[in-house]
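Worksheet for the structure shown next.
What's counted below: heavy atoms across the whole structure, side chains too, no hydrogens, waters or symmetry copies.
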Amino acid sequence: QVQLVESGGGLVQAGGSLRLSCAASGRTFGFYPMGWFRQAPGKERELVVAISWSGTNTYYADSVKGRFTISRDNAKNTVYLQMNSLKPEDTAVYYCAATRSSTLFAKYDYWGQGTQVTVSS
């Protein structure tokens, strides 16, 4: 079992930066691929970025490539999402998630409670 708690959301002006953190509990954290999803009002939840358990493989949605960076510190049981050059369309609730699968695109089994990111124009 893995419990996930996100932090770091907030209100920022367009062009600004935020760093989200996801603290995990559970002995097997280091073996799970992790992802950050987001859901904007009236839209479906989407996978934004993901990272393999080793950190070797990553995925970035086209909409965030070059602006967002995912990283993980397995010793600290934490995953990070550095978001730069934020745009109003990045406004959403951001969720951290973990999957027991070996692939980044499988069903995600564990979810955090979400953290709000609001980008003003």
Pairwise side-chain contact, Phe68 with Leu86, heavy-atom cut-off 4.5 Å (strictly under): yes
For Ser101, all residues meeting side-chain contact (heavy atoms from CB on, under 4.5 Å), sequence neighbours excluded: Thr99, Thr103, Ala106
side-chain contact (heavy atoms from CB on, under 4.5 Å) partners of Ser7, counting only residues at least two apart: Ser21
All pairs passing ring pair (Phe, Tyr, Trp, His ring centres under 6.0 Å) where residues 79-119 contributes a residue, at least two apart: Tyr32-Tyr110, Phe37-Tyr108, Phe37-Trp111, Tyr59-Phe105
Pairs touching residues 9-23 that satisfy salt bridge (Lys or Arg N to Asp or Glu O under 4.0 Å), sequence neighbours left out: none
Whether Glu6 side chain and Gln113 backbone form a donor-acceptor pair below 3.5 Å: yes
Nearest heavy-atom neighbours spanning Ala40 and Ala92: N-CB, 3.8 Å
Nearest atoms (heavy-atom pairs only) where Leu47 meets Val49: CD1-O, 3.4 Å
Sequence neighbours excluded - disulfide bond (SG atoms under 2.5 Å apart) pairs with any residue from residues 55-91: none
Sequence neighbours excluded - salt bridge (Lys or Arg N to Asp or Glu O under 4.0 Å) pairs with any residue from residues 49-65: Asp62-Lys65
For Thr58, all residues meeting side-chain hydrogen bond (donor to acceptor under 3.5 Å, both in side chains), sequence neighbours excluded: none
Reported CD-to-CG distance for the pair Gln82 and Leu20, which is rounded to 0.5 angstrom: 9.0 Å
Gln13 CD to Thr118 OG1 distance, which is reported to the nearest 0.5 Å: 13.0 Å
Non-neighbouring partners of Ser17 that pass side-chain hydrogen bond (donor to acceptor under 3.5 Å, both in side chains), sequence neighbours left out: Asn84
Gap between atom CG of Leu81 and atom CE of Met34 - 0.5 Å precision: 11.5 Å
Salt bridge (Lys or Arg N to Asp or Glu O under 4.0 Å) contacts in which one or both residues fall within residues 78-106, not counting sequence neighbours: Arg38-Asp90, Arg67-Asp90, Arg100-Asp109
Shortest non-hydrogen separation from Pro33 to Leu104 and the atoms involved: CB-CD2, 3.8 Å
Listed once per pair and sorted, the disulfide bond (SG atoms under 2.5 Å apart) pairs that draw on residues 44-80, sequence neighbours left out: none
Rounded distance [0.5 Å steps], CG in Leu11 versus CD in Gln116: 9.5 Å
Least distance between heavy atoms, Cys22 atom then Trp36 atom: CB-CZ2, 3.6 Å
Thr56: partners by side-chain hydrogen bond (donor to acceptor under 3.5 Å, both in side chains), with sequence neighbours left out: Ser54
Minimal non-hydrogen separation, Ala24 against Val2, with atom names: CB-CG1, 4.2 Å
side-chain hydrogen bond (donor to acceptor under 3.5 Å, both in side chains) involving Gln3 - partner list, sequence neighbours excluded: Ser25
